[in-house]
Amino acid sequence: MPDIKFIIENKALVEEGLAKKGYTKEDLDIDALIELYRNIAALKTSSQKLSEEKNKLSAQIKSASAEDRPDIIAKSKEIGEEFKRQDEELSKLEEEFNLMMLKVPNLPSPESPIGPDDSGNVVRRVVGEIPHFDFTPKDHIELMEFNDWSEMARIAKVSGARTYAIKNDLAKLELAMHMFVLDKLRSYGFSVITVPSVSKEKPLYGQGYLPFSRDEVYYLPQDDLYLSGTAELILNSLRADELLNENELPILYAGFSPCFRREAGAAGKDTRGLVRVHQFMKTEQFVICKDDINESEKWHKKLLEISEEVLQDFELPYRVLEVCTGDMGAPKYRQYDLEAWVPSQNCYRETHSCSNITDWQARRTNLRYRANADGKVRYVHTLNNTGIATPRALVPFIENHQNADGTVNIPVKLQPYMGGVKIIGKNAK
RNA sequence: GGAUAGAUGGCCGAGUGGUCGAAGGCGCACGAUUGGAAAUCGUGUGUACCUCUAAAGGGUACCGUGAGUUCGAAUCUCACUCUAUCCGCCA
């Protein structure tokens with residue numbers, strides 16, 4: 001949701017950005033949007049003039065003589081009626097305009113690779129050695145069964161498809177990963193915060209989930225609430241409508257929450273195991289910073305660096321993908337994905353998604369700050385990145401670190417979070 | 001679930017029909033004072049939009065949200081939302 005004035009003044013640029021993101025004129029008609037805005041401005045001017053006149057008359061009434069008074073009142077009433085008519089028309093147009101504005105995506109960074117879909121994503125770097133096993137490696141499901149780490153078949157009976165129940169050392173590992181990442185984020189100055197998984201509707205618009213992908217989110221009609229797909233949703237609205245002091249920035253949150261996704265568009269994909277489930281746990285990095293593209297790009301790099309460090313500490317081979325314009329969601333200015341190596345699938349799978357949203361969400365949540373330099377009020381920039389998301393991250397973790405006897409090595413950095421244990425599994429001593 | 005109370009500017013808080021964008025305080029900015037700072041004193045300090053513009057200026061709206069009464073609403077009426085406290089229940 002960029003500024004309408006910016007859209008008018010930079011129409012060519014905006015249309016170019018929309019095209020890069022794969023928008024056609026049918027998706028979003030910028031000319032119609034601008035036309036609508038012009039109509040609103042004209043009507044507003046006209047109705048404000050009426051209001052002005054009416055106010056002037058009202059002010060006279062108190063001091064008017066007894067014989068003038070009825071005339072003034074009558075005139076004022078007349079104007080009032082015309083004003084009401086125009087005002088109603090104005091509300092209608094504004095509602096239409098606002099709905100349209102909610103559909104305007106963020107413009108992509110000039111640095112972002114241009115492409116139609118995920119085929120246009122660019123590998124920026126590949127880190128770590130892909131393991132070569134001198135035995136036949138198990139996939140993560142086999143490892144779980146072998147070590148009595150899960151109840152996948154039974155939980156499907158209870159909770160349906162795409163759910164998981166893991167136990168014993170694997171359950172401990174899942175929680176240890178979050179504790180490890182939360183501690184790391186705290187050391188970088190983030191406030192650790194646990195947040196709810198239910199949300200009212202408004203924050204979904206604030207985040208930019210709505211009006212774009214309603215199918216993806218669980219809805220609780222009895223309470224008119226939604227289940228959150230990520231703590232980003234909650235953190236993005238936590239400070240909504242506030243006017244911050246620049247000295248409060250940047251605000252760094254490490255948010256932990258259970259997350260829920262319907263996976264409506266993923267039918268048939270990753271149906272087994274821990275890769276894609278309806279409910280998972282995520283530690284999220286969320287940053288609120290100044291309205292300065294250099295500043296937010298700096299944070300974007302920093303967030304990426306932190307999650308790369310997580311994967312390195314977990315001793316996982318991974319690659320950094322820069323997501324192309326056509327594969328980015330509407331809110332995003334620039335996006336990197338991290339993908340960790342999954343031996344059983346012989347490919348990299350996404351574990352982290354790191355986005356600079358610039359001021360797009362802040363405009364929706366009305367989150368602003370007063371700049372020290374000139375005292376002006378500006379929208380903040382927001383950024384988000386996965387800290388760690390489980391159980392998905394367990395998949396590359398246990399597959400890459402497995403031994404011939406079915407045990408799994410715990411990387412040195414994580415051992416303190418596992419009570420000093422170096423190897424887990426039924427054959428471990 | 002039951003019962004009360006409340007929602008005003010960056011924050012706190014006054015304000016029961018026109019002189020209220022709104023007292024006072026805090027905060028913030030600038031200035032004076034000081035060797036420097038604190039304290040003190042002085043001055044200033046809302047947001048959004050429209051119009052005009054080189055700049056200034058002019059105007060409209062906003063006191064939780066929505067409707068209503070009135071020539072005129074922060075103030076009166078109605079509905080709703082949210083918050084706090086107490087009781088009950090509860091991980």
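Here is how names work: the chains are called A, B, and so on, in the same order as the sequence lines, proteins then strands, and each is numbered from 1. In this text the structure is predicted, and so the values were computed from the model without any measurement.
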Enquirer: Do the ring planes of A:Phe97 and A:Tyr37 sit parallel (below 30°), tilted (30 to 60°) or perpendicular (above 60°)?
Expert: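 The rings of A:Phe97 and A:Tyr37 sit tilted, inter-plane angle from 30° to 60°.
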Enquirer: For B:rG24 versus B:rU8, give the span between their C1' atoms, rounded off to a whole number of Å.
Expert: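 That atom pair is separated by 14 Å.
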Enquirer: Are A:Tyr218 and A:Tyr226 an aromatic pair by the rule of ring centers under 6.0 Å?
Expert: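 That pair fails the under 6.0 Å test.
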Enquirer: Cut-off 3.5 Å, side chains only: do A:Asp224 and A:Tyr219 have a donor facing an acceptor?
Expert: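 Yes - a donor-acceptor pair under 3.5 Å links their side chains.
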Enquirer: Any donor-acceptor pair under 3.5 Å linking the side-chain atoms of A:Thr24 with those of A:Asp27?
Expert: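 On atom types as modelled, these side chains qualify, holding a pair under 3.5 Å.
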Enquirer: In whole Å, I'd like the distance from the CG atom of A:Asn366 to the C1' atom of B:rU47.
Expert: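 Going from A:Asn366 (CG) to B:rU47 (C1'), I get 9 Å.
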Enquirer: With a 4.0 Å cut-off on N to O distance, would you call A:Glu263 and A:Lys269 a salt bridge?
Expert: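 Salt bridge: no.
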Enquirer: Is any side-chain N of the basic residue among A:Asp31 and A:Lys11 closer than 4.0 Å to the acidic one's carboxylate O?
Expert: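 Yes.
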Enquirer: What integer number of Å spans the P atoms of B:rA73 and B:rA14?
Expert: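 Each nucleotide's P atom is 25 Å from the other's.
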Enquirer: Whole-Å distance between B:rG10 P and A:Glu248 CD?
Expert: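 After rounding, the gap between these two atoms is 13 Å.
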Enquirer: Between A:Asp241 (CG) and B:rA48 (P), how many Å, whole number?
Expert: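 The distance from CG of A:Asp241 to P of B:rA48 comes to 13 Å, rounded to the nearest Å.
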Enquirer: From CD of A:Glu88 over to P of B:rA61, roughly how many Å is that when rounded to an integer?
Expert: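 The distance from CD of A:Glu88 to P of B:rA61 comes to 17 Å, rounded to the nearest Å.
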Enquirer: What interatomic distance, in whole Å, is found between P of B:rG10 and the corresponding atom of B:rU45?
Expert: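 My reading of the P atoms in B:rU45 and B:rG10 gives 15 Å.
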Enquirer: Using the P atoms only, state how far B:rC11 lies from B:rG46, rounded to an integer number of Å.
Expert: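 It works out to 14 Å between them.
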Enquirer: I need the single residue from A:Thr358, A:Asn356, A:Ile357, A:Thr382 that forms a side-chain contact (heavy atoms from CB on, under 4.5 Å) with A:Pro331. Which is it?
Expert: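 Going through the options one by one, the only one that passes is A:Ile357.
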Enquirer: Rounding to an integer number of Å, can you tell me how far A:Leu50 CG sits from B:rC71 P?
Expert: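 Atom-to-atom, A:Leu50 to B:rC71, this comes out as 18 Å.
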Enquirer: Fill in the dot-bracket string of RNA chain B, one character per base: . for unpaired, | for a pair to another strand, ( ) or [ ] for pairs within the strand, taking Watson-Crick or G-U pairs under 3.5 Å.
Expert: ((((((((.[[[..)..(.....]]]((((((.......))))))((((((.....)))))).[[[[[..)....]]]]])))))))....
Enquirer: Kindly state whether the ring of A:Tyr369 and the ring of A:Tyr379 have centres lying under 6.0 angstrom apart.
Expert: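 No - the distance between ring centres of A:Tyr369 and A:Tyr379 does not fall below the 6.0 Å cut-off.
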Enquirer: When you get a sec, tell me which of B:rA61, B:rC50, B:rG72 is the closest nucleotide to the side chain of A:Lys54?
Expert: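 So the side chain of A:Lys54 is nearest to B:rG72.
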Enquirer: Taking B:rU75 as the reference, what is the distance to B:rC62 when you measure between their C1' atoms (whole Å, please)?
Expert: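 So the two C1' atoms sit 16 Å from each other.
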Enquirer: Can A:Lys92 and A:Glu95 be counted as an ion pair, charged N to O under 4.0 angstrom?
Expert: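 The answer is no: the pair does not qualify as a salt bridge.
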Enquirer: What integer number of Å spans the C1' atoms of B:rG72 and B:rG17?
Expert: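 To the nearest whole Å, 8 Å.
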Enquirer: Can we say A:Glu53 and A:Lys49 salt-bridge, meaning some charged N sits less than 4.0 Å from an Asp/Glu carboxylate O?
Expert: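 A:Lys49 and A:Glu53: not salt-bridged.
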Enquirer: Grab the NZ-P distance between A:Lys376 and B:rG46 for me, whole Å please.
Expert: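 Answer to the nearest Å: 14 Å.
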Enquirer: Using the C1' atoms only, state how far B:rA38 lies from B:rU33, rounded to an integer number of Å.
Expert: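 My reading of the C1' atoms in B:rU33 and B:rA38 gives 12 Å.
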Enquirer: Give every pair of a protein N or O atom and an N or O atom of nucleotides 64-66 of chain B that lie under 3.5 Å apart, one pair per line with the distance.
Expert:
none

Enquirer: Report, as a single string ordered 5' to 3', how protein heavy atoms within less than 4.0 Å touch nucleotides 52-59 of chain B: B base, S sugar-phosphate only, - not at all.
Expert: -------B
Enquirer: Can I get a per-line list of side-chain donor-acceptor pairs under 3.5 Å for residues 283-290 of chain A, giving both atom names and the distance, sequence neighbours left out?
Expert:
{"from": "A:Thr283", "atom 1": "OG1", "to": "A:His178", "atom 2": "ND1", "distance (Å)": "2.8"}
{"from": "A:Glu284", "atom 1": "OE1", "to": "A:Lys282", "atom 2": "NZ", "distance (Å)": "2.6"}
{"from": "A:Gln285", "atom 1": "NE2", "to": "A:Thr386", "atom 2": "O", "distance (Å)": "2.8"}

Enquirer: Considering residues at least two apart in sequence or located in another chain, which fulfil the ring-ring contact (aromatic ring centres under 6.0 Å, His included) criterion with A:Phe146?
Expert: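 Here no residue qualifies.
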Enquirer: Please measure how far the P atom in B:rC89 lies from the corresponding atom in B:rG2, and state the result in whole Å.
Expert: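 Looking at atom P only, B:rC89 and B:rG2 are 15 Å apart.
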Enquirer: Closest-nucleotide mapping onto RNA chain B: is A:Lys5 or A:Ala59 further toward the 5' terminus? I mean the 5' end.
Expert: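 Mapping each residue to its closest nucleotide by heavy atoms, the 5'-most match is A:Ala59.
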Enquirer: Output the residues of residues 72-86 of chain A in contact with RNA chain B, where contact means a heavy atom of the residue under 4.0 Å from an atom of the strand; sort by number or write none.
Expert: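 The answer is A:Ile73, A:Ser76, A:Lys77, A:Lys84.
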Enquirer: Would you mind reading off the distance between A:Tyr369 atom OH and B:rG27 atom P, rounded to a whole angstrom?
Expert: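 After rounding, the gap between these two atoms is 24 Å.
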Enquirer: A:Val377 has a side chain; which of B:rA48, B:rC50, B:rA61 sits nearest to it?
Expert: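 Shortest atom-to-atom distance from the side chain points to B:rA48.
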Enquirer: For the side chain of A:Thr45, starting at C-beta, report the closest nucleotide among B:rU47, B:rU51, B:rG18.
Expert: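 Per side-chain heavy atoms of A:Thr45, the pick is B:rU51.
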Enquirer: Side chains of A:Tyr164 and A:Glu151 only: does a donor on one sit below 3.5 Å from an acceptor on the other?
Expert: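 Looking only at side-chain atoms, A:Glu151 and A:Tyr164 do not form any donor-acceptor pair under 3.5 Å.
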Enquirer: Classify the ring geometry of A:Phe180 against A:Phe314: parallel below 30°, tilted from 30° to 60°, perpendicular beyond 60°.
Expert: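 Ring orientation of A:Phe180 relative to A:Phe314: tilted.
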Enquirer: For A:Leu367 and B:rU47, what is the distance between atoms CG and P respectively, to the nearest whole Å?
Expert: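 Answer to the nearest Å: 16 Å.
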Enquirer: With a 3.5 Å cut-off and no angle check, do the side chains of A:Gln335 and A:Glu322 form a donor-acceptor pair?
Expert: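 Their side chains do not contain a donor-acceptor pair, so the 3.5 Å distance test is not met.
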